[in-house]
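If you read the sequence from its start, that first residue is 1, and numbering goes on from there.
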Amino acid sequence: LQPVLHIAPDAVAFGPLLMGEAGQQPLTITNRGTGELEVVLHSRVPWLHVSPQPYRCGAGETCQTILVADTSRLAEGITAARAAVMIRSNGGQMELDATVTVLAPRLALDPAELRLEVPLGETRVYPLTLSNAGSAPLHVAIQSCEEWLTATPAQLEMAPGAAADVQLTVDTWRFERGQIIQSARALCLRSDGGDRDVSITLAVIQPALEVEPARVDFGATDRVTPVQ
């Protein structure tokens with residue numbers, strides 16, 4: 001009596017998965033022979049998990065197991081592995097290739113640093129463009145980390161490839177004099193596509209009166225001759 005191993009599918013392709021999700025694919029083991037089939041599966045890549053227990057299928061019988069892809073440590077994009085699953089049995093051996101597509105949001109902003117000039121006691125509004133450079137929807141929470149800065153809106157939802165402007169309002173009425181402020185964390189962006197802190201250099205401009213010459217001397221003159 002001789003067992004004969006047959007596996008379906010002969011390659012494993014996990015559909016698009018969000019980064020951090022686990023995907024499952026069934027694997028069917030069929031014994032096309034006449035004796036009892038004993039099968040052991042082994043994963044050769046860390047992101048693909050298989051049941052370590054042996055499977056036994058009688059002649060003509062079918063068994064099924066589940067392969068699990070863990071995307072928590074995979075990069076965005078397609079990960080492909082040759083001979084990812086090793087299958088050993090008394091009815092033959094097989095190797096299965098495996099692929100998984102990982103989708104992930106990715107926060108991008110332009111410009112990454114801001115240099116602003118606002119006159120003392122005035123308010124100015126500046127745009128900051130955020131975009132989703134990833135392959136999955138992006139959620140961003142926007143928070144000002146400085147009293148003189150306000151950001152609207154407070155949250156954004158962006159589809160892959162989309163962009164949106166955040167309006168930054170700078171108020172300088174709190175300052176007593178002109179100065180330059182350098183804030184490495186003026187704006188805090190928290191998202192499922194990465195966190196970013198926006199650096200802002202703010203020049204508070206104060207007008208200064210200058211008169212030249214500092215002293216006026218008309219010299220000697222009489223009461224009749226005009227002096228200029």
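The closest donor-acceptor contact from the side chain of Thr71 to the backbone of Leu18 lies under 3.5 Å. Checking side-chain atoms of Thr62 against main-chain N and O of Thr30 turns up no donor-acceptor pair under 3.5 Å. Formation of a donor-acceptor pair under 3.5 Å by the Ser183 side chain with backbone atoms of Ile200 is not found in this model. Using modelled atom types, one side-chain atom of Asn31 and one backbone atom of Val4 make a donor-acceptor pair closer than 3.5 Å. Looking only at distances, a side-chain donor or acceptor of Ser43 sits under 3.5 Å from a matching main-chain atom of Leu48.
Nearest heavy atom pair, residue Ala80 against residue Thr99, reads CB-CG2, 3.7 Å. Arg190 approaches Arg196 most closely through the heavy-atom pair NH1-O, 3.5 Å.
Between Glu122 and Thr172, the side chains place no donor N or O within less than 3.5 Å of an acceptor N or O (distance only, hydrogens not considered). Thr123 and Asp171 share a donor-acceptor pair across their side chains, judged by distance under 3.5 Å alone.
Using a cutoff of 4.0 Å between basic side-chain nitrogens and carboxylate oxygens, Glu146 and Arg185 are not scored as salt-bridged.
Taken from CD in Glu61 to CZ in Arg32, the straight-line distance is 15.0 Å, to the nearest 0.5 Å. Between atom CG of residue Leu116 and atom CZ of residue Arg124 there is a gap of 10.5 Å, rounded to the nearest 0.5 Å.
Relative orientation of the Trp47 and Phe14 rings is perpendicular, given thresholds of 30° and 60° on the angle between their planes.
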